[in-house]
Amino acid sequence: MTSIDEFRARARAWLEQNAKPFDEAAGHDGEGTSVPLEESKRFQKALWEAGFAGITWPKEYGGQGLGAEELIAFNQEAADFELPTGPFVIGLGMPGPTILELGTEEQKRRHLPPMLRGEEIWCQLFSEPSAGSDVASLQTTATRTETGWVVNGQKVWTSGAQYSDFGAILARTDPTVPKHKGITMFIVDMHHPGVTVRPLVVATGHAPFNEVFFDNVEVPADAVIGEVDKGWDAAVVMLRNERVAIGAGGRARTNALGYDSLLEAARTRGLESDPAIRRRLALLYARESALTAYGRVLHEETTAGIQIGARGSAAKLAGAELALWAADLAQDILGSDLALGSADLDRVVAAVVGAPGGAVAGGTNEIQRNIVGERVLGLPKDPGVDRNTPFNQLKLSR
Amino acid sequence: MTSIDEFRARARAWLEQNAKPFDEAAGHDGEGTSVPLEESKRFQKALWEAGFAGITWPKEYGGQGLGAEELIAFNQEAADFELPTGPFVIGLGMPGPTILELGTEEQKRRHLPPMLRGEEIWCQLFSEPSAGSDVASLQTTATRTETGWVVNGQKVWTSGAQYSDFGAILARTDPTVPKHKGITMFIVDMHHPGVTVRPLVVATGHAPFNEVFFDNVEVPADAVIGEVDKGWDAAVVMLRNERVAIGAGGRARTNALGYDSLLEAARTRGLESDPAIRRRLALLYARESALTAYGRVLHEETTAGIQIGARGSAAKLAGAELALWAADLAQDILGSDLALGSADLDRVVAAVVGAPGGAVAGGTNEIQRNIVGERVLGLPKDPGVDRNTPFNQLKLSR
Amino acid sequence: MSLIFTDDQKSLAQTVKRFVADRTPLPKVREVIGGDRSYDPEVWAGLAGTLGLAGLTIPEEYGGAGATHADLSAALRELGAGLVPSPLLACVLAAGTLVALDDEEVNRKLLPRLAEGHVVGTLAVSEPGNRQWIPARPATSAVRSGGGFALSGTKVAVLNGAEAELLLVQAAGPEGTGVYLVERPADGLTVAKDDGVDPTRGTATVTFDGTAARLVAGDAAAALDHVADLANLAIASEQSGAMGACLAMTTEFAKIRYTFGQPIGAYQGVKHKLADMYNLWALSDAALREATRAADEEPAKLGAAAAAARALTSQGYLASAKNTMLLHGGIGFTWEHDAHFFYKNAIAGNVLAGDADYQLDRLADKLGI
Amino acid sequence: MSLIFTDDQKSLAQTVKRFVADRTPLPKVREVIGGDRSYDPEVWAGLAGTLGLAGLTIPEEYGGAGATHADLSAALRELGAGLVPSPLLACVLAAGTLVALDDEEVNRKLLPRLAEGHVVGTLAVSEPGNRQWIPARPATSAVRSGGGFALSGTKVAVLNGAEAELLLVQAAGPEGTGVYLVERPADGLTVAKDDGVDPTRGTATVTFDGTAARLVAGDAAAALDHVADLANLAIASEQSGAMGACLAMTTEFAKIRYTFGQPIGAYQGVKHKLADMYNLWALSDAALREATRAADEEPAKLGAAAAAARALTSQGYLASAKNTMLLHGGIGFTWEHDAHFFYKNAIAGNVLAGDADYQLDRLADKLGI
């Protein structure tokens, strides 16, 4: 038995003892956890104690110091279980790796271990009402004080802000230079009295995100991640991780617009033998499998040291387009049940209504197409996109 | 009986005596006439003598001096017949109306009557190898001489050049000003020894167009249509007519990718009762009918004095998209017959292969979408599209 | 008749548009759909009475205005553009069914009340587990009882089923399939409002358990077939208006929303999608004009033309509403923005009174494929 | 096994690519397809012999290289990218049929000759008027005659039917459906080359009239079902390569073609279509890698994976080739430009060895829907 096989067996054994097997029959709204926060924290701590949190992170910051192969092995085994680790996904997926790459030694020692042990939850504070795809046009400001900085502004689309302890925030620190050059990334204490979190209700009627308001929120000088006015570089690191995470979906069994779910919906209505529906279900399977395989190719290339570059955007785009396509199929399968409503359909209906939101989150399809066109295919940049005008002379949304 | 009804009855009677009824069973390649040129000329002359050529054109230039209602009535009746007037469509549809609007009194008296009588055939010489959608970036030059101008350059996609007597050509007369401002439109004698016409074979294997080379072709000073360096204004008049003409198609029975043709192809293969094919045929009918109705709306609005503006581009775009969609349906109906080939399918196969060409002719779909977006919806112009740089400083295709 | 609007139609459309803007703008619609009733009775009184929409196409002999289908279509476009919750569609279909059946006695009694808008009528045809909008063989049955009939069965997706006082119910009776009239209040009638995806459309499931009913004389199959055409015309009209609203809203947004230093409408990625939305709207609206023209002057062509128009508007609206959400980015996905109401209305409208396949099958039938 | 290419596969692909560029670039292909034969025998000798492609996946015991399906796929991508006319596909399917049937005597005699590329073999299954690639019940019949069989019937879309010396023919025989071997020259055999839309693919209609044949022992149904998977792998490989070529050609053009003062690739109208073409290629190629992986190490998953890959590459290639023509504008529509050869290859490839519905039905079968 190789060390990988051994690791895998150990993970499997631990999961079988400590996690609930995945239950296909159970409802999965796909919009955050329905598990109490304390239980999530307890589980994350146990995961860490068993040696399965921060698998690829260095030991000195609480990680396990292992390789990508172990991580893949663990994730493959974990796919058969329900892990109540939702609240930690953002912190461990985005701010965590960014601090690991760009943070000071002190930041790493202070923040990474409690993140891994489930003691502190993080959120990411980038998007603003007038700065969506064009994150760099953000208007939240951080002004220097004697001891550090004071932050004012509004963020939006923030997952988990309501229970987060810290956030990684982008703020404008110099409005007189081009927009990418006057931004800084900070660690902000979400418990500061100037921070107000308000749930953001979306089209589905749920509130999976928040608006976050910053009113004279002080942050110390050592809260800068990376360098002052170099926040865009840090953001690029973080957004790269985000797009890979979003696109990697594929045949997740929790996906209400996935093959398994829609096959079931068709069977319930006796439609699985309708030739046209049957072919569309087959095509859905094919497209899902292709997306999974593409994610695996990117993963294997990363493991083999091949740069995947902007191809994470290709995966994100493909995932969003597939969801929109599957939403059309879902509608044709559900037929008038959509108009009538019924409890067993809530998940699918919410997913149909939510599909455009999924396509927009993390950058619209248009933005992803631009990224694929320019950075993967090497096409010329859009004419008229000006990277040199000082921020305070830019035209912004009215 | 109103005068319109009377006119209509007279037209019908004449057509019944002089034209062949439309024969659905006959092959229609849709790519020009299969009738000898002399017969076309004879027919056009008879049409004129009977009072049905130039229906809306002024009497002093050989027209009938009637209104749009008479023209519509005639066209409706003519739809049931095969009129061998192909070689005259361009002249009467584009250069003719342009001369009528912008030409000198002398030009009108010299050129319009022989055009109507079928004695002289015209072509349109705009596109160049490096100036397709962006016609104004054309590189053919006209240089002043003592007596007029001398033209050098190459045109492409010219229908009917091989039998044309005259052409309306755009040439650059001032390269030091922005591209739209240094162009002039001329009447050029296609029999000049410096004019070389070469057939252009396209993807279908046919040669419905030509390349035309101009090598020191002299044109007299009075051959300018409109004003010197104002040729772009004349071109806009002419292109507006072109787009309306191309988009108006709809349910033409000669259309190999039309409902009638594809229903027949499905019936031959026993596929018309396949539920999915049957629905797609129904949708084809719906889309064709909608395009016909839209063309009729534009026509009625024009008649009622309402400006249709750039909506001709919407119709052209819709027609091109419909043809591409129908080409997909045709392929699914034909199945492996496409690979095998058979004489009775040649028309449909040629139309499938030709569909992308139809979408490109007269401006790509992207150009039409820009026109609809900017001129119909009032969206801002593309960033970076520069209308002010002198032509000789512009970046052109390598 | 022409395919372009008459001055009267323009004026009617303008009047309705103003009414919608003044009395039932979208913030008001949000309040209504959060409440108990599926529409605002005062708004309905205005639409039916003041504007005369309830009786617009009812023949003059029965107290209506005897206007054309094209006239009604012009008004419905404006209501669709404003997502106005109202029982107009239900009433139009109920009145249309009665006119088509032509039971003189019933018509004399009911049509004037429908024309005035004093009573809400609706049609109950669809049944659970049957994907046909109008079942070929309804499971709902009518048996003789006293001097009339007693109905038993369940009808779904009944427009304004919770509020309608007159229900025209398709049922299998002793002499074949017929249309039966139930007047509320009635015993043995239970109504459950649907909790469907579109909150602007108040449909309900109606269950009959020995409910007293009267058989409306006339050719039920022919009348319901004609009513399917009327439903297609009416729904296509609302959808065309709603598509136009989506297009206008998104075009406006594309002019004022900046990204990367340019209004987003300057980028072809947005501009070309809007051009496609324009074409979806322009062509399906042209098909709708052709269908109302056929309804008014060439009835033999109505079936195909109405199904064609409906197939195009339903699909076009769904695509346009989806793009409205997508092109608005995150903002369009918030509850606070109106885009999702259009999207949900398009989703539900696509399967209302027959889904896309139903319309295309109907079109193919009418074309004789 | 991994989904990323091994060094050996990269090196094989590079060798084939160089061979194509040197020996059979597109101007050369134009000459070949204008001629009488459907391929250039010298090019075929190079591919089969020098490069060893004919025997690549034939087991070593029969003179082949015993390489993996992923290896063959890497080579076929390059041939697809160059639209190289060759009987390789026909030979791969013929050899695959024999290996799957496993008639020891026949294999010993024929496979080494196929492996060397000294003989061209092909599979004859499709029949006129039947939309199934492999008919469930072939109309072609085999009756006992002398020591062997006599075949009668017509097979269509036979790859390299005009040139193949060995034909493996599906026919209904005395003991059910079997695969019969016809060796040319043979009496009662007529071949008519197809005049199909794609000049790079030399198919033919083959008619048997009492043609002498030998029954190849083995489970014909199972073998042909497996060969359908091999056909899907091979065609998907060619198509993936061709899609990549379309993408590269159009991307390059978008960088150097200027309109309105900008390279057309700077406009989102072009850029976004190219991004979509990239995704069509990247995802269907990933599906293909998964399918060759299944073929090599998880045969139970091959059927679904191969049909899925084929459905995606065929549709993706058709869309990409169409966009290649559209994005090249008028230039792409000229005979002189290569775009139309890809477009025609995509059109014909989409229905080769089973059309889109056939593949999706097959996938649904394999998934147990």
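Below, each value reflects all heavy atoms present in this structure, side chains not excepted, and no hydrogens, waters or symmetry copies. Keep in mind that this is a model prediction, so the values were computed, not measured. Every chain is numbered from 1 and lettered A, B, ... according to where its sequence line falls, protein lines coming before strand lines.
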### Message
Under a 4.5 Å cutoff for heavy-atom pairs, which residue among D/Ala266, D/Ala254, D/Ala287 has the most contacts with chain A?
### Response
D/Ala266
#### Entry: Ion pair D/Asp365/A/Arg278, N-O distance below 4.0 Å
yes
#### Entry: Region of D/Asp357 in contact with chain A, defined by heavy-atom distances below 4.5 Å
both
### Task
Answer yes or no: does atom CD of D/Gln132 have more than 12 heavy-atom neighbours from other residues, nucleotides or ligands under 6.0 Å?
yes
### Query
chain A contacts: which residues in residues 272-284 of chain D have a non-hydrogen atom closer than 4.5 Å to it?
D/His272, D/Leu274, D/Ala275, D/Asp276, D/Tyr278, D/Asn279, D/Ala282, D/Leu283
### Query
Between A/Val376, A/Ile306, A/Asn370, A/Leu283, which shows the greatest number of heavy-atom pairs under 4.5 Å with chain D?
A/Asn370
### Query
Within the side chain of A/Glu272, is there an N or O that forms a donor-acceptor pair under 3.5 Å with the backbone of D/Ile369?
no
### Summary
Looking only at A/Leu377, A/Val297, A/Leu317, most heavy-atom pairs under 4.5 Å shared with chain D are made by A/Leu377
### Query
Quick one: which residues of residues 312-322 of chain D reach chain A at under 4.5 angstrom, heavy atoms only?
D/Leu312, D/Gln315
### Task
Find the distance between CG (A/Leu379) and CD (D/Gln268) and round it off to the nearest 0.5 Å.
11.5 Å
### Message
Could you check whether any side-chain N or O of D/Lys271 sits under 3.5 Å from a backbone N or O of A/Pro380, counting only pairs where one atom can act as donor and the other as acceptor?
### Response
yes
### Members of residues 235-250 of chain D whose heavy atoms come closer than 4.5 Å to chain A
D/Leu247
### Query
Say you draw a straight line from NZ of D/Lys366 to OH of A/Tyr285; how long is it, rounded to the nearest 0.5 Å?
12.5 Å
### Message
Which one wins on heavy-atom pair count under 4.5 Å against chain D: A/Gly373, A/Ala318, A/Ala282, A/Ala266?
### Response
A/Ala282
### Validation row: D/Arg289, A/Arg296 side chains within 4.5 angstrom (heavy atoms)
no
#### Entry: Proximity breakdown for A/Arg280 and chain D, heavy-atom pairs closer than 4.5 Å
neither
### Which atoms of A/Glu321 approach chain D - backbone, side chain, both or neither, heavy atom under 4.5 Å
neither
### Task
Begin with the C-alpha distance, continue with both residues' side-chain angles, and end with the deciding distance and a verdict on side-chain contact (heavy atoms from CB on, under 4.5 Å) for A/Asp382 and D/Tyr267.
CA-CA 6 Å; A/Asp382 279 18; D/Tyr267 296 106; over 6 Å; no
### Query
D/Glu78: what forms a side-chain contact (heavy atoms from CB on, under 4.5 Å) with it, not counting sequence neighbours?
D/Ala13, D/Val16, D/Lys17
